[in-house]
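Hydrogens, waters and symmetry mates are skipped; everything else that's a heavy atom, side chains included, is used.
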Amino acid sequence: MTVSFRTAISAFRRSPLLSALSVTTIAFSLFAFGLFGLVALNIRAALQRVEERVEIRAFVADNAAVERMVSLSEEIGGYPEVQTADVITQEQALARARKELGEFKDVFESQFMPQSVDIKLKPGHRDPANVRAVADRVRALEGVEDVRFGEEWITQLYRLRNIAGVAGATLGLAFAVVAMIIIGATIRMAVLARSKEISIMRLVGATNGFIRRPFLIEGFLKGVLGGALALTLTWIAMRVLERYLNFETTFFDGHLAMLGILFGALLGLLGSAVSVGRHLRRV
């Protein structure tokens, strides 16, 4: 294994330009994949932020006592799907309306604002079916006059989320396949450049495994370097977009960044294995 590692390192030194070309090609292939991943990550984060605003509003009769409002809040808060159930009085409803519709704040008066219990669901229970089920349970409670939860809006949100998920997985797989083809082609150039060396090794009795190992290590190292470079380029691109488009984005966390580098290493390893395998069959 030590001999194979030394051979792989010496290959970098013997042909630095070809090695740099391979690393750069891997980096730009993964950079395109990384940009797509970054867009998908931010779309998902945006949808999650919108999803957090999903709530059910149960309107209660104006003459309902505060004690009844509190009782309703506690009963609804005991549902396993419910995260919070807050009592909103007429005065609080008036303050919220004036804040959200500031240009019309003089139009609102407290006696026209219905009191309610505002319900937020736990993560994982904000899909249309769960929201509708909780709304139906709340609607059946004594003292609840009406329940609103924006059913059409929630349905559209989850439809968009599902479409984004399917499109993301499909395009991500396509980017990965293209990246692997490009990486395999660049590593194949390195293999062909050392075809005479491989032929001599075969003549002196070297096994296929012994010949293949340095190339696999070389492909692995090129994938790691290419993945790290692609991650750096993606981070720079994100900062440039934030600066010139004036909006905040979410970058890959440590686990996703490490996964990206390992993915580059895997592509380099697979591309090298395929290229070396083909060449060995021809020799």
Side-chain angles (χ1 to χ4, degrees), residues 39-168 242 245-251 253 256:
V39 170
L41 179 67
N42 280 272
I43 290 176
R44 182 180 178 183
L47 289 175
Q48 284 180 340
R49 286 193 293 269
V50 174
E51 184 183 322
E52 289 173 359
R53 298 173 58 188
V54 172
E55 67 177 17
I56 301 170
R57 187 164 296 169
F59 295 102
V60 184
D62 294 339
N63 58 358
V66 176
E67 292 78 9
R68 179 54 187 159
M69 296 280 292
V70 173
S71 176
L72 276 173
S73 173
E74 291 176 351
E75 183 176 355
I76 296 170
Y79 293 175
E81 305 92 343
V82 174
Q83 186 175 51
T84 61
D86 300 320
V87 174
I88 304 297
T89 63
Q90 288 182 311
E91 290 74 18
Q92 290 173 321
L94 175 63
R96 180 169 59 189
R98 286 178 172 173
K99 181 180 179 181
E100 294 176 353
L101 300 170
E103 62 271 25
F104 302 107
K105 62 182 180 180
D106 296 331
V107 176
F108 297 104
E109 295 183 9
S110 61
Q111 60 265 33
F112 297 113
M113 304 304 298
Q115 53 188 356
S116 63
V117 176
D118 285 5
I119 306 158
K120 288 191 176 181
L121 302 182
K122 295 177 181 177
H125 297 280
R126 295 167 180 162
D127 58 282
N130 271 310
V131 175
R132 192 179 300 110
V134 173
D136 290 340
R137 289 177 65 187
V138 172
R139 188 178 285 111
L141 295 176
E142 183 182 351
V144 175
E145 291 191 333
D146 192 16
V147 174
R148 303 285 179 86
F149 60 93
E151 182 174 5
E152 184 177 348
W153 175 77
I154 294 174
T155 302
Q156 292 296 334
L157 170 64
Y158 269 79
R159 187 172 298 164
L160 177 62
R161 182 178 179 179
N162 292 335
I163 291 173
V166 172
E242 282 185 344
L245 298 181
N246 195 25
F247 68 91
E248 292 186 4
T249 57
T250 302
F251 194 66
D253 58 22
L256 285 176

So which atom in [X] and which in [Y] form the shortest heavy-atom distance, rounded to 0.1 Å?
X    : Y    : result
A85  : G77  : CB-N, 3.9 Å
S116 : M69  : O-CE, 3.5 Å
K122 : P80  : NZ-O, 3.2 Å
N130 : G124 : ND2-O, 4.0 Å
V87  : S73  : CG2-CB, 3.6 Å
E55  : K120 : OE1-CE, 3.8 Å

- Begin with the C-alpha distance, continue with both residues' side-chain angles, and end with the deciding distance and a verdict on side-chain contact (heavy atoms from CB on, under 4.5 Å) for V82 and L121. CA-CA 4 Å; V82 174; L121 302 182; 4.0 Å; yes

- Not counting sequence neighbours, which residues clear side chain to side chain donor-acceptor pair (under 3.5 Å) with R159? List them please. none

Within-4.5 Å side-chain heavy-atom neighbours: [X] and [Y]:
X    : Y    : value
I76  : I56  : no
L141 : E75  : yes
T84  : I119 : no
Y79  : V138 : yes
R68  : E142 : yes

- Listed partners of D136 passing salt bridge (charged side-chain N to carboxylate O under 4.0 Å, His left out), at least two apart: R139

- Using the test side-chain contact (heavy atoms from CB on, under 4.5 Å), find all partners of D146 that sit at least two apart in sequence or belong to another chain. F59, R148

